Student: 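Handing you this structure, nothing more for now.
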Amino acid sequence: MSTTVSDFIIDRLIDSGLHRYYGFPGDGIGGFDAALERAERAGGNFRYIRPTHEEIASFMATAHSKFTGELGVCIATSGPGAIHLLNGLYDARQDHQGVLAIVGQQARVSLGGDFQQQIDLERVFQDVAGYVETVTTPMQAQMVLDRAIRVATAEKCPCVVVLPADVQNLEMEKPTAEHFVARTGRGAPSTRFLPPLDEIDRAAAVLNAGKKVAMLVGAGAAGATDEVLAVADTLGAGVITSLLGKDVVPGDVPFHTQQAGLLGSRPSHDLMRDCDTFFMIGSNYPYTEFLPDTGQARGVQIDLSPENLSLRYPMEVELLGDAKSTLSVLADRLEYKTDRSWQDGVIEGVREWDEVMNSLAEVEGDPVNPRYVYTELNERLPENAIVTADAGSTADWYGNHIKLGRNMMGNLSGSMASMLASMPYAVSAKFAHSDRPVICTIGDGAFQMLGMNEMITVKRHWKEWADPRFIVLVLHNNDLNQVSWEMREAGDPRWDTSQLLEDVDYAAYAELLGFTGIRVEEKSAVGPAWDAALASDKPVLIDVVTDPNMPPLPPHVTFEQAKGMAEALLKGDPDEARVIAQTARSVTSELLAKAKNVFTSSDGGDVHR
């Protein structure tokens, strides 16, 4: 039997070390699907996993890249199937993850003729992909695939291979030594490289001169935990992590202030405000209003992407290289700071902040404070747990209350901040690490999007997993809660027509699928629910009815944010009384009262900020 183009691509993927594919079938990719079936029957070294939607497949491929460091692979049919991949592929692009998408296309003879489901896929994927190409002849297939894998791996971006339906079944042709033909090899260049040593010397000079060093560490420093901690110790620095870099620095490091910004901590805010030296490592943190003022601090940055250097803050020294290699060489050039007063102050700030967070978690909710749900989880996290969060209010509570240990992982849709990603991320993490407990934390809005669908995928596969613990926490408040709070901050009351959700019994839905469903409606049941879920021998969904009026605003909320919320309440927010009641129990209450007074005073008098 001859080898088809599809047979060749599958073999080439396996030879390239790519063994897990997330896909959804369709006639536009039918020839490739048939080749996958032949390869599976022949014992091919790969696993094809079909989720419930192509969008989920692309998110799973992105998550696979994040949780393994390998290239993620997703497969979809032509037309609508290909379009459905876009959100997950943009997630990969925004968070700098290597993903290979293989998509079907109508037969070559139909192109340009408005045939059913025939669209210009190269044009569709041009913005999201680092490389997109259509295979038009069998001899071209090797070059297109090899180049897509190489670019996706080296540049950490999504790449797309488009396979017309007729090409999928053509007999493969080996590239020949003739004009126009590229004869490519497998593999990708290493992304481990150093900047010039004289530039590292300049960076060391800046860092050695600093008396108050603040480090901002992102996902680009993954795998460099020891190096980051060694440098921080030498410099007597405080360390902030981005949400994507949260698991790079263990949560029990006393000078780790966790995140910055609206879902960050007060010690992170103080660190940025008071530092004289700013050291950014593997991060493209976008919220520049939370970084040091221009001219306040001398800056050093390490990044693999030249386009990220000096993008968010004017850096004095820009080091193009990988974090682990660069920090290893830099460490030998740094001088140990004997004055530890700066770092000691950071440590004390972290201790005090932890007390504030614990106090906020103990505030009584109606019926359950969502913060309390996360603090109870944090106390019980298994040492090798993987935690995913969604882009809504779960990201606030994850950032505020979850401290990941050295052997834990955590992630979410970062720069894209897409709702629903927590669920495919969690399922992908479980396929990548079936021997580890995975906890998906998701809001009811995101769960209704596509999260409920993916419980069906869990039902299909969970008995294959070495550790059956797959826990889904649904924050059940019948509200698109993050957006409701954003409306209030902007000065608008919550708009119930857009914000309120249909009430669903999520625990009963889990039971319907054969899982354990636990419904929690009071604070005293939260801890026992986590204990039962973590001891379970099958997947568990914890449906916690939480208070939608628990404010996510941080203690360093600005006057303008509090003013906006006060204005929204005075316009007639549907839950004004409960919002005020819960906010009054938080440390934002004084500022909120001051802002509200602006609108109720006779002269609208000036307020000192």
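Everything numeric here is computed off the predicted structure, so don't read it as measured data.
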Student: Using the side chain to side chain donor-acceptor pair (under 3.5 Å) criterion, which residues pair with Y21? Sequence neighbours excluded.
Tutor: none
Student: Determine, stepwise, if the pair Y374 / Y398 fulfils ring-ring contact (aromatic ring centres under 6.0 Å, His included).
Tutor: CA-CA 7 Å; Y374 279 75; Y398 169 77; 7.7 Å; no
Student: Is any side-chain heavy atom of H19 closer than 4.5 Å to one of I14?
Tutor: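 SC-SC contact between I14 and H19 confirmed.
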Student: At their closest point, which heavy atom of A39 faces which heavy atom of I10, and how far apart are they?
Tutor: CB-CG2, 4.1 Å
Student: Under 3.5 Å, is there a donor on one side chain and an acceptor on the other for D322 and S325?
Tutor: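 Checked: D322/S325 side chains pair up, N/O donor to acceptor below 3.5 Å.
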Student: Does the gap between the ring centers of W462 and F470 come in under 6.0 Å?
Tutor: no
Student: Between S265 and S268, is there a side-chain donor-acceptor contact under 3.5 Å, judged purely by atom types and distance?
Tutor: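 Side chains of S268 and S265: pair found under 3.5 Å.
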Student: Taking side chain to side chain contact (heavy atoms under 4.5 Å, CB included) as the definition, give me every residue that meets it alongside A535, ordered by chain and number, with sequence neighbours left out.
Tutor: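 Listed in chain order: nothing, the list is empty.
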Student: Check this for me, if you would: do R47 and E464 make a salt bridge, where the nitrogen-to-carboxylate-oxygen distance has to be below 4.0 angstrom?
Tutor: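 Salt bridge present between R47 and E464.
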Student: Does K430 have any salt bridge (Lys or Arg N to Asp or Glu O under 4.0 Å) partners at least two apart in sequence or in another chain, and if so, which?
Tutor: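 Salt bridge (Lys or Arg N to Asp or Glu O under 4.0 Å) check on K430 returns nothing, list empty.
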Student: Can you list every salt bridge (charged side-chain N to carboxylate O under 4.0 Å, His left out) pair that touches residues 403-413, not counting sequence neighbours?
Tutor: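 Non-adjacent pairs meeting salt bridge (charged side-chain N to carboxylate O under 4.0 Å, His left out): D226-R406, D354-K403.
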Student: May I ask you to check whether H401 and Y372 place their ring centers less than 6.0 Å from one another?
Tutor: no
Student: If every non-hydrogen atom of M419 is compared with every non-hydrogen atom of A391, which pair is closest and at what distance?
Tutor: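 Here M419 and A391 meet closest at N-CB, 4.1 Å.
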Student: Does the pair R380 and D531 meet the rule for a side-chain contact (heavy atoms from CB on, under 4.5 Å), with working shown?
Tutor: CA-CA 8 Å; R380 294 167 168 81; D531 291 335; 2.7 Å; yes
Student: Report yes if the side chains of L71 and V99 come closer than 4.5 Å at any heavy-atom pair, otherwise no.
Tutor: no
Student: Does atom CD of E40 have more than 12 heavy-atom neighbours from other groups under 6.0 Å away?
Tutor: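 No, because the 6.0 Å sphere around CD of E40 holds 12 heavy atoms or fewer from other groups.
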Student: Run through D543, D505, D444 and flag the one making a side chain to side chain donor-acceptor pair (under 3.5 Å) with H476.
Tutor: D543
Student: Check the side chains of D91 and S413 for a donor-acceptor pair under 3.5 angstrom, ignoring hydrogens and angles.
Tutor: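 Yes - a donor-acceptor pair under 3.5 Å links their side chains.
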Student: Hey, could you give me the OG/CZ distance between S6 and F32, rounded to the nearest 0.5 Å?
Tutor: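 Separation between the atoms: 6.0 Å.
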Student: Looking only at side chains, do S484 and Q499 share a donor and an acceptor under 3.5 Å apart?
Tutor: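 Their side chains do contain a donor-acceptor pair, which is all the 3.5 Å distance test asks for.
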Student: Compare all side-chain heavy atoms of I102 with those of L13 and state whether any distance is below 4.5 angstrom.
Tutor: yes
Student: Are side-chain N/O atoms of N477 and D479 paired as donor and acceptor at under 3.5 Å?
Tutor: no
Student: Under a 4.5 Å cut-off applied to non-hydrogen side-chain atoms, are M550 and D547 in contact?
Tutor: yes
Student: Would you kindly say whether S415 and Q94 are connected by a side-chain donor-acceptor distance under 3.5 Å?
Tutor: no
Student: Is it the case that the ring center of F24 lies less than 6.0 angstrom away from the ring center of H53?
Tutor: no
Student: Is it true that S283 and S242 share a donor-acceptor pair across their side chains at a distance under 3.5 Å?
Tutor: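 Not at all, the side chains of S242 and S283 share no donor-acceptor pair under 3.5 Å.
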Student: Can you check whether L243 reaches L263 side chain to side chain, under 4.5 Å on heavy atoms?
Tutor: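 Sidechains of L263 and L243: in contact.
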Student: In the structure I gave you, are the side-chain heavy atoms of I56 and E454 within less than 4.5 Å of one another anywhere?
Tutor: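 Side chain of I56 against side chain of E454, heavy atoms only: contact under 4.5 Å found.
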Student: Any salt bridge (charged side-chain N to carboxylate O under 4.0 Å, His left out) pairs touching residues 56-81, not counting sequence neighbours?
Tutor: K66-D95
Student: Strictly by modelled atom types, are T241 and Q258 linked by a side-chain donor-acceptor pair under 3.5 Å?
Tutor: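 No - no donor-acceptor pair under 3.5 Å links their side chains.
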Student: Check the surroundings of atom CD in E355: do more than 12 heavy atoms from other residues, nucleotides or ligands lie under 6.0 Å from it?
Tutor: yes
Student: Hey, are the side chains of V231 and M215 touching, using non-hydrogen atoms and a 4.5 Å cut-off?
Tutor: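 Counting from C-beta outward, V231 and M215 do come under 4.5 Å.
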Student: Would you mind reporting whether L229 and D233 have side-chain heavy atoms less than 4.5 Å apart?
Tutor: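 D233 vs L229: side chains apart.
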Student: For D467, enumerate each residue passing the salt bridge (Lys or Arg N to Asp or Glu O under 4.0 Å) test, keeping only those at least two apart in sequence or located in another chain.
Tutor: R469
Student: Given V474, which partner from the list V504, I442, V545 fulfils the side-chain contact (heavy atoms from CB on, under 4.5 Å) test?
Tutor: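 Only one of V504, I442, V545 forms a side-chain contact (heavy atoms from CB on, under 4.5 Å) with V474, namely I442.
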Student: Does E521 pair with R519 as a salt bridge, N-O distance under 4.0 Å?
Tutor: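 Here E521 pairs with R519 in a salt bridge, since their nearest N and O are under 4.0 Å apart.
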Student: What are the two closest non-hydrogen atoms of L304 and T191, and how far apart are they?
Tutor: CD2-O, 3.4 Å
Student: Could you check whether any side-chain N or O of T225 sits under 3.5 Å from a backbone N or O of V248, counting only pairs where one atom can act as donor and the other as acceptor?
Tutor: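 Checking the backbone N and O of V248 against the side chain of T225, a donor-acceptor pair under 3.5 Å is found.
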